[in-house]
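I have placed the structure first, in the form of structure tokens, so that the comments after it can refer back to it.
Chain A is the first sequence line, chain B the second, and so forth, proteins listed ahead of strands; every chain is numbered from 1. From a predicted model like this one, the values you see are computed outputs, not experimental measurements. For the numbers below, each heavy atom of this structure counts, side chains included, while hydrogens, waters and symmetry mates do not.
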Amino acid sequence: MDTALQVLVAGVTNGAVYGISALGIVVVYRVARIVNLAQGEAITIGALGTWWLDQQQGWPRGLATIAAVAGTGVGYAALSWLTVLRAGRAARGGPAAMPATLPASLITLALALFVQGLVFFAFGRQLYGSPPLVGWSPVRLGDAVLPAHTVVVALVTAGLAAALAATVRWTMVGRAMVASAENRLGASVVGVDVTRMIVLAFAVAGTLGALAGVLLSPVTVFSYLTGFGFALRGLAAAALVGFRSPGAGLAAGIAVGILEAAVSTYVASGYQEPVVAAMLIATLMIWPRLAPSLDPR
Amino acid sequence: MHRWIRTWCLVGALVLSAACGGDSDDKAGRAGGAAPPTPVRLGAIFNMTGPNATLGQEELAGVEAAVADVNRRGGVLGRPLELVKADAASDPQKAATEATRLMDDPAVVAIVGPDGAQMTLPIVPLANQRGIPLVSASAGFLGRVPAEQLRWVFTVGPDFASKGLPTFIRYWQGKGFKRIAVLSNQTPVFDLVTSFLAKAAPAAGLEVVGAESFPPGQPDVTALISKLIGRNPDVLLVPHVGADVATVLKNYGNLAPKGVELTTNAATANRRFIDLVGEPVMEGVVLNGWKAMVVDDLAADDPARPEIERYRQGVEANGQTFDPASSAIVGWDGVMVITRALEQAKVAERAAVRDALERVDFQGAMTHWRFSAAEHDGSPAGAVWVMVQRVAGGWKRVDS
């Protein structure tokens with residue numbers, strides 16, 4: 001029981017980060033039909049940016065966090081507007097022309113490497129760690145220990161899910177994004193600026209990624225390469241739900257995290273990655289309708 | 001358009017000629033300086049960049065401090081030491097290329113470094129082909145190279161598995177510990193440690209009650225720690241190095257199990273690492289430390305004391321902050337071993353230095369170095385380290 005709860009705790013801490021990445025990836029995919037491979041770098045920038053503002057520039061932690069997270073969102077919006085939106089546009093022409101899926105996705109990979117280079121230039125190869133978000137004393141539940149940090153991660157993740165649902169349901173922007181996701185041509189006919197929605201989707205993805213980085217930085221340590229690996233697992237979670245629903249992406253990320261923790265604890269710790277990958281492939285084979293819809297509409 | 005191309009060609013040509021010109025000026029300068037005694041050139045190859053750079057930069061700092069110290073004391077053979085640096089870049093291929101560059105300079109009499117078996121292995125055959133003594137800071141390569149390949153290769157490397165673990169085992173026996181659990185990331189050190197313990201533990205009356213590993217970069221390993229703690233070990237050994245140790249320590253801090261001694265690798269003792277994870281997380285951690293970390297706990301007549309004092313002064317005189325836990329001590333002793341060999345050889349020639357290295361027998365800051373024709377590894381197993389514990393922001397010797 002002790003260990004089972006601990007597996008759950010570790011799974012949620014890791015999985016929330018995969019889930020938030022998956023959330024960002026799905027939002028971008030739904031609106032822009034682009035697989036955003038630069039999602040992980042937002043995690044890195046969120047973590048290292050906060051560290052730099054807080055530890056080096058002497059900003060209060062809260063302000064540093066807000067600035068780094070918002071800055072990453074704005075930066076991602078700007079980068080997407082400058083690069084991704086232009087991919088394939090010339091080839092197709094016309095005002096409703098959208099970035100072509102494959103070239104634009106590859107551009108996001110180039111962006112990921114570019115941002116990695118920038119972060120490397122600024123931070124070098126050193127490792128960086130942040131002090132804990134909340135005090136040190138963990139919450140004890142019988143024999144098991146619930147680190148205060150995990151509680152924060154769970155709360156923030158739940159808050160994100162609620163905020164996302166509320167935005168989609170009750171705000172104009174949210175509805176416009178859903179409309180763009182459902183049918184871009186139709187959305188643009190009724191006056192939704194789809195280009196703006198795509199930029200907005202990248203802003204959301206950047207913000208979410210940075211937030212994941214902030215959540216993660218106190219538990220582990222960061223280098224300029226750290227984010228990429230998390231985003232790959234987020235990508236796996238997004239693929240698992242066929243890039244269809246952001247909420248499902250979040251849930252799938254958490255599920256992947258728990259699966260990883262369970263495999264490494266109960267099956268064989270050394271084979272965690274291949275076992276989890278095999279399970280993902282098997283899931284997609286058993287339920288092929290889960291596989292990503294590459295409908296370019 | 002054409003004019004542009006021409007302009008750029010011109011600029012390119014200028015840049016190139018400037019670069020080449022700088023190089024030849026440099027050579028002329030070296031050859032021309034006849035008045036003062038020509039320096040003895042020492043090659044130093046370490047991982048200045050790449051994933052292992054933290055360790056490499058420390059070791060290089062030790063090398064630099066040692067060279068400065070030797071020169072302050074009048075040099076060697078009446079000539080100053082001159083350091084030629086190369087970056088192994090944590091990359092075996094780069095290490096080989098850079099080592100070749102050092103070897104191609106006929107004035108370089110010996111090379112110190114690099115650290116890491118992977119970086120040393122490609123250099124070993126090169127050192128033999130070109131006949132230049134290599135004093136590696138790694139010892140992990142020894143078991144993987146046939147003896148005849150070691151003619152030109154020596155080591156001051158404190159190998160964790162073969163040299164550190166015997167120290168641990170003696171300490172555990174002394175404390176009456178029986179049950180050992182191992183948690184590491186999936187790197188070769190996990191296999192080295194588990195296979196070493198599988199052989200050595202039963203003979204020492206120890207039992208490995210669990211050994212788990214996780215993929216590098218995993219941010220939360222609480223579940224694995226919890227699983228291992230469930231086996232009631234006396235010791236949780238965390239033998240790997242780098243970012244993943246920080247994760248384990250942070251997670252362990254949350255669980256705070258009772259009656260389990262957390263034991264890590266010496267590489268987690270340096271200032272940078274402690275700042276990274278925070279002092280509260282390090283409190284109580286036991287690891288294999290240099291004698292330099294616990295000078296006050298050494299016997300008053302311990303022969304290492306004066307050498308450690310010289311090392312401390314040398315580092316500070318070179319403008320560096322002295323961190324007794326730093327691996328700079330490996331670089332320092334590496335240079336001191338070569339300097340001793342040069343003195344014994346009485347001539348700065350590669351072959352003579354190689355022969356003299358086999359006769360080096362002296363007390364360094366790390367340990368007492370004894371090389372021979374049969375033993376190119378200068379430190380006997382279990383003699384490099386002492387067991388230390390982090391207590392109230394300092395180190396305390398716990399084995400003695």
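Note: Thr222(B) OG1 to Asn14(A) CG = 8.0 Å, rounded to the nearest 0.5 Å. Thr49(B) OG1 to Phe120(A) CZ: the interatomic distance, rounded to the nearest 0.5 Å, is 7.0 Å.
Highest contact tally toward chain B, considering only Ala10(A), Ser223(A), Ser264(A), is held by Ala10(A) [criterion: heavy-atom pairs under 4.5 Å]. When each of Thr247(B), Val248(B), Asn251(B) is checked for heavy-atom pairs under 4.5 Å with chain A, Thr247(B) comes out on top.
The part of Tyr128(A) that comes within reach of chain B is its backbone (N, CA, C, O), which places non-hydrogen atoms under 4.5 angstrom from that chain. Both the backbone and the side chain of Glu212(B) have a heavy atom closer than 4.5 Å to some heavy atom of chain A.
Heavy atoms of other residues, nucleotides or ligands lying less than 6.0 angstrom from CD of Gln118(B) number 12 at most. Counting heavy-atom neighbours within 6.0 Å of Phe196(B) CZ, excluding the residue itself, gives a total above 12. Around CD of Gln93(B), the count of heavy atoms belonging to other residues, nucleotides or ligands within 6.0 Å does not exceed 12.
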